[in-house]
Amino acid sequence: MPGQKRRVSLKYCGSCNPLIDLSRIGQVLPAAISQETDLLFVSAEETNIDTIIILCGCPRACGNKETIRARALRCIVVAGESVDAVPVAEKDISTAIIKKLKPK
Amino acid sequence: MMCGDEYRESLRRLKPEVYYLGEKIESVADHPAFIPHVNSVALTYDLARAPEFEELLTTKSHLTGEKINFFTHVHHSCHDLVRKVKSLRALGQQTGSCFARCVGHDALNAIYSVTYDLGKKNGTEYHQRLVNLLKEVQAKDLFLSGAMTDPKGDRSLSPSQQKDPDQHVHIVARKQDGIVVRGAKAHITGAVNAHGHLVMPTTSLKEADQDFAVCCYVPIDTPGVIHIFGRQTNDDRKCSGCLIDQGNPEYGIVGGEALIVFEDVFVPWEHVFMCGEYDFAFDLVERFATAHRQNYGGCKTGLADVLTGATYALAEVQGTVGASHVRDKLVEMVHLAETLYCCSIACSCQGYALPAGNFMADPLLANVTKLNVTRHVYELARLAQDIAGGMLATMPSESDWKNTSVGKYVDKYLKGVADVPAETRMRLLRLIEGMTCGTALVESMHGAGSPQAQKIMLMRRANWEHKKRLAQKLSGTGESRHD
Ligand SMILES: Cc1cc2nc3c(=O)[nH]c(=O)nc-3n(C[C@H](O)[C@H](O)[C@H](O)COP(=O)(O)OP(=O)(O)OC[C@H]3O[C@@H](n4cnc5c(N)ncnc54)[C@H](O)[C@@H]3O)c2cc1C
């Protein structure tokens with residue numbers, strides 16, 4: 001809907017032995033999302049989520065499961081150094097996600 | 001679910017009888033000897049509420065459907081078993097120490113299944129009682145210790161053969177409203193900062209040992225329950241105000257173990273889960289041991305991650321990290337640790353359902369896991385100490401480093417590479433010292449049972465006949481010989 005912000009949320013895999021610094025990415029993302037005029041960062045417990053970012057520490061991607069995906073219309077999966085199965089260096093992951101969140 | 005501070009407050013409300021260094025302790029949550037252990041357990045509460053760890057450390061109760069801390073969960077799939085291992089690794093990485101909650105968790109799972117089997121055979125109410133307790137544990141997010149190991153006296157004698165029957169916890173009276181137990185449990189992790197104890201028999205029992213076949217729940221401040229806290233290597237550093245010298249001041253080393261004395265303790269029937277059924281003692285011991293041995297490639301791998309990281313960082317500070325033998329030893333540390341992890345994951349994946357519906361890891365593989373821990377953790381420590389150098393054992397104290405006369409010498413001569421302060425090297429050395437010297441190592445040897453206990457289980461579970469048949473078939477010998 002024009003004028004309405006798209007609701008974006010974040011869910012972690014569980015962080016058992018992450019290959020990337022999940023906490024740091026998880027801290028950077030909400031701030032970066034808040035800077036985008038058409039995006040609103042919300043808790044993963046809320047409803048009507050447009051996009052859920054599933055932050056997984058390794059390619060096993062334990063967080064990428066139906067119960068989590070079903071919470072939003074769309075999801076972006078980070079699995080170690082990849083975003084939606086495309087290799088991305090750790091330092092560029094937040095930027096890659098923000099790029100994906102922006103309308104084409 | 002409680003948070004860490006609520007857990008600390010819950011301890012302050014209890015008044016257990018606790019002794020340490022000859023003194024009676026007023027508040028475990030506020031005494032420097034116990035604070036690191038309390039912090040470590042508190043983290044199991046805090047991280048369950050942290051978004052990063054929530055997926056691992058929380059789940060839905062199969063009894064109520066409510067969200068619960070994973071440490072109060074009864075496993076209902078191999079996925080649950082794997083999750084336990086992963087959560088232990090994660091917590092090991094965050095604490096670099098023991099966080100104590102796994103023992104009571106494993107005891108709950110073992111008792112859950114054995115009471116069910118008991119009920120099926122004897123029509124007992126034990127299972128329903130355990131379910132009631134489990135609901136309370138889940139709702140209040142309680143931390144229970146798992147108290148299995150008896151002092152045991154003369155190891156060559158069974159419980160009923162001992163000169164002093166109190167060497168094993170036993171029933172001294174059966175009353176209308178409950179039972180009275182006497183004896184002690186030794187080495188119990190988290191005993192002084194738990195909310196209560198799950199008491200289990202320590203070994204398989206025979207008919208003559210009926211009174212030793214007792215499994216029950218005892219709240220920590222029950223009259224007659226006395227806790228005598230054990231000393232740890234360098235524990236005086238905890239009380240001296242030295243932070244660097246403690247190595248891991250926030251979470252300490254090992255779980256904080258105590259001797260628990262049961263001096264004619266009354267246990268109401270609602271908290272009794274086995275009372276004389278000696279023929280079920282073996283199942284309980286085996287299921288608890290399997291669950292507990294399954295863990296060790298989880299938590300110890302988390303600790304190994306910290307130890308390897310400290311060793312790598314120290315090698316950088318000491319200018320040795322480029323040496324090929326140092327790199328080889330660091331790689332060897334990773335290999336040893338990940339082998340343990342492989343074992344824990346494997347025994348979890350090969351787990352199966354018990355009649356009660358809950359899942360247990362594969363016992364053979366769980367015992368292999370723990371047997372490897374009794375070796376690999378020592379080898380990890382040896383490699384870390386090799387790379388660390390002798391300063392691990394001879395380093396001047398933090399107080400001397402801070403001293404106005406000699407501090408400058410300590411600072412000057414403890415430096416490694418020029419651009420890193422001596423304090424960095426000191427801190428890393430102390431962390432490695434705490435993780436590899438003394439108490440921490442013994443836990444890997446005897447915690448969850450001494451190596452021979454695992455070998456006995458391997459002997460029992462090895463499927464010898466099948467192995468022989470395979471060999472006979474291929475060699476053309478024995479029964480399967482081809483004519
Ligand atoms: C840090 C730490 C934490 C622990 N936490 C807990 C806990 O939370 N809950 C709990 O219940 N227990 C706990 N334990 C206890 C642990 O399970 C025991 O230490 C272990 O089972 C060995 O028992 P033990 O110490 O009495 O040694 P022993 O059983 O005396 O073993 C010493 C040696 O004697 C051998 N031996 C023993 N009996 C015989 C025999 N009959 N014949 C031949 N050889 C024998 C053993 O194989 C071993 O080599 C903990 C132990 C440690 C060190």
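In what follows, chains are A, B, ... by sequence order, proteins preceding strands, each numbered from 1.
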Between chain A and chain B, which N/O donor-acceptor pairs sit under 3.5 Å?
residue	atom	partner	partner atom	Å
A:Lys11	NZ	B:Glu54	OE1	2.8
A:Lys11	NZ	B:Glu55	OE2	3.2
A:Ser15	OG	B:Glu52	O	2.6
A:Asn17	OD1	B:Gln93	NE2	2.7
A:Ser23	OG	B:Glu52	OE2	3.2
A:Lys65	NZ	B:Glu55	OE1	2.8

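- Close approach to chain B, defined as a heavy atom under 4.5 Å from one of its heavy atoms, is seen in no residue of residues 74-90 of chain A.
- Of the inter-residue distances, the one linking B:Leu56 atom CG with A:Cys62 atom SG reads 7.5 Å to the nearest 0.5 angstrom.
- Of the two parts of A:Leu55, neither the backbone nor the side chain holds a non-hydrogen atom closer than 4.5 Å to a non-hydrogen atom of chain B.
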